[in-house]
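Predicted model, so just to flag it, every value in this text is computed and none were measured.
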Amino acid sequence: MKEESLQLYIWKAGAFMKKQGIAMIFILLMGILLFGCAKKVDKEEKIKDLDFTVVSEDELPEELKASIESQKENPFKFTYEEAGYLYICTGYGKQPTGGYCITVDEVYETENAIYMDSNLIGPTDEDAKGSAASYPYVVIKLELIEKAVVFQ
């Protein structure tokens, strides 16, 4: 009789554990559904547009100018800080002709970063005729903000 009661006890314990497991899975699924539907805070949401100046080559700090010169053959994106200013640099590498220009479409701040969007615009047929290779780049300068820069 003791063996039968032990088997009955084991069977009841197994049934109890199975019910608990099902309940735990149900609770887990409900949690996923509830938290999955919560509104995600967008870390890329624009806080504000940033004021900036496009810096000409003769106004660049010497160290920055040397860094650009050493990297201009290939596309580059980097930042440089000096005297309370942030310089954001984007180069498009060697181009077969001259006549290229770069537009800075957006520079804005989010909760976690500064975003910069620029585009290379190719030359017209007239601009490209007979001209040598070029190395288009743009450097913008803004007040120093201690955030990462994201190039778009």
Side-chain angles (χ1 to χ4, degrees), residues 13-152:
F16 177 75
M17 297 284 279
K18 187 175 179 181
K19 285 180 184 178
Q20 272 191 327
I22 291 172
M24 290 300 289
I25 291 172
F26 178 76
I27 290 170
L28 182 62
L29 287 175
M30 291 303 292
I32 290 171
L33 287 174
L34 287 174
F35 289 111
C37 294
K39 182 182 176 197
K40 179 183 170 190
V41 176
D42 190 2
K43 302 280 186 195
E44 295 181 17
E45 186 175 319
K46 184 190 299 187
I47 295 173
K48 66 178 180 176
D49 289 317
L50 295 173
D51 293 328
F52 65 91
T53 303
V54 175
V55 184
S56 64
E57 185 176 353
D58 59 328
E59 296 174 319
L60 293 174
E62 288 303 316
E63 186 177 340
L64 178 55
K65 195 183 299 188
S67 185
I68 291 169
E69 185 63 30
S70 70
Q71 297 183 52
K72 73 179 186 178
E73 282 284 328
N74 298 305
F76 62 82
K77 295 176 179 179
F78 67 90
T79 62
Y80 178 82
E81 296 176 16
E82 182 179 278
Y85 290 101
L86 175 65
Y87 295 84
I88 302 175
C89 312
T90 303
Y92 288 87
K94 184 177 182 178
Q95 301 299 319
T97 66
Y100 287 84
C101 67
I102 299 169
T103 61
V104 178
D105 299 327
E106 267 192 312
V107 180
Y108 62 91
E109 183 178 4
T110 68
E111 183 179 333
N112 296 323
I114 296 170
Y115 283 76
M116 188 243 198
D117 184 20
S118 66
N119 286 297
L120 179 66
I121 299 174
T124 63
D125 289 339
E126 249 180 66
D127 289 338
K129 285 184 182 175
S131 65
S134 63
Y135 306 88
Y137 68 89
V138 65
V139 178
I140 64 169
K141 175 182 172 181
L142 55 142
E143 289 185 27
L144 182 60
I145 300 171
E146 294 289 337
K147 291 185 179 180
V149 175
V150 177
F151 296 88
Q152 297 181 313

**Asked** Quick one: ring pair (Phe, Tyr, Trp, His ring centres under 6.0 Å) partners of F78, sequence neighbours excluded?
**Response** F76

**Asked** Going from CD1 on I145 to CD1 on I114, what distance comes out if it is rounded to the nearest 0.5 angstrom?
**Response** 4.0 Å

**Request:** Check step by step if side-chain contact (heavy atoms from CB on, under 4.5 Å) holds for F151 and I88.
**Result:** CA-CA 9 Å; F151 296 88; I88 302 175; 3.3 Å; yes

**Request:** Quick one: pull up OH in Y137 and CG in L120 and give me the separation to the nearest 0.5 Å.
**Result:** 14.5 Å

**Item:** V149 and L86: CA distance, side-chain angles, deciding distance, side-chain contact (heavy atoms from CB on, under 4.5 Å) verdict
**Value:** CA-CA 10 Å; V149 175; L86 175 65; 4.1 Å; yes

**Request:** Take V150 and T110 through the test side-chain contact (heavy atoms from CB on, under 4.5 Å) and record every step on the way to the result.
**Result:** CA-CA 10 Å; V150 177; T110 68; over 6 Å; no

**Asked** Among all residues two or more places apart in sequence or in another chain, which pass the ring pair (Phe, Tyr, Trp, His ring centres under 6.0 Å) test with Y92?
**Response** none

**Asked** Which distance, rounded to the nearest 0.5 Å, do you find between the CE of M116 and the CD of E106?
**Response** 11.5 Å

**Message:** For Y85, give me all partners under ring pair (Phe, Tyr, Trp, His ring centres under 6.0 Å), at least two apart in sequence or on another chain.
**Reply:** none

**Request:** Just do the side-chain contact (heavy atoms from CB on, under 4.5 Å) check on L60 and I68 with the steps written out, would you?
**Result:** CA-CA 10 Å; L60 293 174; I68 291 169; 3.9 Å; yes

**Presence of salt bridge, K141 and E59, under 4.0 angstrom** = no

**Item:** D105, CG atom: more than 12 neighbouring heavy atoms under 6.0 Å
**Value:** yes

**Request:** Check G93 against P136 and note the closest heavy-atom contact, atom names and distance.
**Result:** O-CD, 3.5 Å

**Request:** To the nearest 0.5 Å, tell me how far T90 OG1 sits from D117 CG.
**Result:** 9.5 Å

**Message:** Around atom NZ of K94, are there more than 12 heavy atoms from other residues, nucleotides or ligands closer than 6.0 Å?
**Reply:** no

**Prompt:** Just how far is it from atom CG of L64 to atom CD of E57, taken to the nearest 0.5 Å?
**Reply:** 10.5 Å

**Considering all heavy atoms, the nearest S134-G98 contact** = OG-CA, 3.7 Å

**Message:** Heavy-atom count check: over 12 atoms from other residues, nucleotides or ligands less than 6.0 Å from Q152 CD?
**Reply:** yes

**Message:** If I take atom NZ from residue K46 and atom OH from residue Y108, how far apart are they, to the nearest 0.5 angstrom?
**Reply:** 6.5 Å

